[in-house]
Amino acid sequence: QLQLVESGGGLVQPGGSLRLSCAASGGTLQYYSMAWFRQAPGKEREQISCSSTIDGVTYYPDVVKGRFTFSRDNAKNTVYLQMDSLKLEDTAVYYCAAVRACIGTIVDFWGQGTQVTVSS
């Protein structure tokens with residue numbers, strides 16, 4: 001089965017940057033649409049990016065658009081989320097996921113999550 005392992009989280013000051021990594025084993029990520037989610041304490045999990053293999057487009061909600069950027073490195077079987085201009089409200093556990101599609105998302109595999117804390 002596909003295994004996903006996130007890394008790269010940590011503590012960062014407001015306005016700073018982090019790059020999250022999601023490394024896969026047991027499968028090839030280039031055949032999956034890939035999404036990043038986050039969940040803050042007491043809040044519902046929200047999707048913050050989805051890169052579709054169907055139309056080749058990566059989607060972002062307005063709350064992160066222009067600040068977060070998804071990328072793939074197929075040679076390393078890894079996907080990334082570059083996070084710039086971080087805000088306090090970006091604090092959450094971040095998860096990568098392999099999904100069937102970016103519309104009507106069905107998650108096939110979840111990573112374990114990595115904590116991102118934005119604090120001064």
Side-chain angles (χ1 to χ4, degrees):
Q1 296 290 315
L2 187 70
Q3 302 284 334
L4 303 174
V5 179
E6 299 98 334
S7 62
L11 177 65
V12 65
Q13 294 183 351
S17 297
L18 286 173
R19 188 181 69 162
L20 305 183
S21 299
C22 177
S25 61
T28 302
L29 287 185
Q30 67 177 325
Y31 301 125
Y32 292 89
S33 294
M34 294 295 298
W36 285 92
F37 296 81
R38 69 184 183 187
Q39 187 167 27
K43 296 184 178 180
E44 296 292 324
R45 182 175 290 138
E46 63 176 334
Q47 187 180 92
I48 54 171
S49 74
C50 191
S51 182
S52 176
T53 60
I54 297 174
D55 59 11
V57 175
T58 299
Y59 303 91
Y60 307 92
D62 288 342
V63 70
V64 305
K65 192 176 298 181
R67 300 189 298 119
F68 290 10
T69 305
F70 172 90
S71 63
R72 292 179 184 259
D73 187 335
N74 290 333
K76 296 181 179 179
N77 207 24
T78 299
V79 300
Y80 304 92
L81 186 69
Q82 178 69 41
M83 305 186 296
D84 298 318
S85 301
L86 284 163
K87 304 175 180 179
L88 296 178
E89 55 264 40
D90 294 320
T91 295
V93 178
Y94 285 71
Y95 302 86
C96 68
V99 301
R100 302 281 181 92
C102 289
I103 299 174
T105 301
I106 299 173
V107 176
D108 284 327
F109 303 100
W110 289 99
Q112 86 289 347
T114 185
Q115 176 72 48
V116 172
T117 302
V118 184
S119 176
S120 60

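- Minimum interatomic distance between Ser85 and Ser17 (heavy atoms only, all atoms of both residues): N-OG, 4.3 Å.
- From Phe70, atom CZ reaches atom SG of Cys50 across 8.5 Å, with rounding to the nearest 0.5 Å.
- Under the 4.5 Å side-chain criterion, counting only non-hydrogen atoms from C-beta, Thr58 is not in contact with Ser52.
- Between Arg72 and Ser33 the shortest heavy-atom distance is NH2-CA, 3.8 Å.
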Residues Lys65, Asp62; criterion salt bridge (Lys or Arg N to Asp or Glu O under 4.0 Å); working and verdict: CA-CA 5 Å; Lys65 192 176 298 181; Asp62 288 342; 3.2 Å; yes
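- Here CD of Glu6 is found 10.0 Å from OG of Ser21. Values are rounded to the nearest 0.5 Å.
- Residue Arg100 qualifies as open at atom CZ: its count of foreign heavy atoms under 6.0 Å is 12 or below.
- Hydrophobic clustering, with ILVMFWY side chains joined whenever heavy atoms are under 4.5 angstrom apart, keeps Val93 apart from Leu4.
- Under the 4.5 Å side-chain heavy-atom criterion for grouping Ile, Leu, Val, Met, Phe, Trp and Tyr, Phe109 is connected to Val79 within one hydrophobic cluster.
- Within 6.0 Å of CD1 in Ile103 there are 12 or fewer heavy atoms belonging to other residues, nucleotides or ligands.
- Here the side chains of Thr114 and Val5 are not in contact, with every heavy-atom distance at 4.5 Å or above.
- Checked by atom type, the side-chain pair Thr78/Asp73 shows no donor-acceptor distance below 3.5 Å.
- Between Leu29 and Cys22 the shortest heavy-atom distance is CD1-O, 4.0 Å.
- Rounding to the nearest 0.5 Å gives a distance of 7.5 Å between CZ of Phe37 and CZ of Arg45.
- Ring pair Trp110/Tyr95 is perpendicular by interplanar angle, where above 60° counts as perpendicular and below 30° as parallel.
- At a cut-off of 3.5 Å, with distance as the only test, a side-chain donor of Arg38 or Tyr94 sits close to an acceptor on the other residue.
- Tyr80 places none of its side-chain heavy atoms less than 4.5 Å from the side chain of Thr69.
- Counted within 6.0 Å of CD on Glu89, heavy atoms from surrounding residues, nucleotides or ligands total more than 12; the atom is thus considered enclosed.
- Within the model, atoms CG of Leu2 and CG of Asp108 stand 9.0 Å from one another, a figure rounded to the nearest 0.5 Å.
- Between Ile48 and Leu81 the shortest side-chain heavy-atom distance falls below 4.5 Å.
- Considering every non-hydrogen atom in both Val118 and Thr91, the closest pair reads N-OG1, 2.9 Å.
- Separation of atoms SG (Cys96) and CG (Leu20) is listed at 9.0 Å; rounding is to 0.5 Å.
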Evaluation steps, side-chain contact (heavy atoms from CB on, under 4.5 Å), between Leu18 and Val116: CA-CA 9 Å; Leu18 286 173; Val116 172; 3.9 Å; yes
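- The shortest distance between side-chain heavy atoms of Tyr32 and Thr53 does not fall below 4.5 Å.
- Side-chain atoms of Arg67 and Met83, non-hydrogen and from C-beta on, never get closer than 4.5 Å to each other.
- Ring centers of Trp36 and Phe68: at least 6.0 Å apart, outside the cut-off.
- Annotation for Asn77 and Ser25: closest pair ND2-N, 4.4 Å, computed over non-hydrogen atoms.
- Taking both residues in full, the closest heavy atoms of Val107 and Ala97 are given as CG1-CB, 3.8 Å, listed atom of the first, atom of the second, then distance.
- At a threshold of 4.5 Å between non-hydrogen side-chain atoms, the residues Ser119 and Leu11 count as touching.
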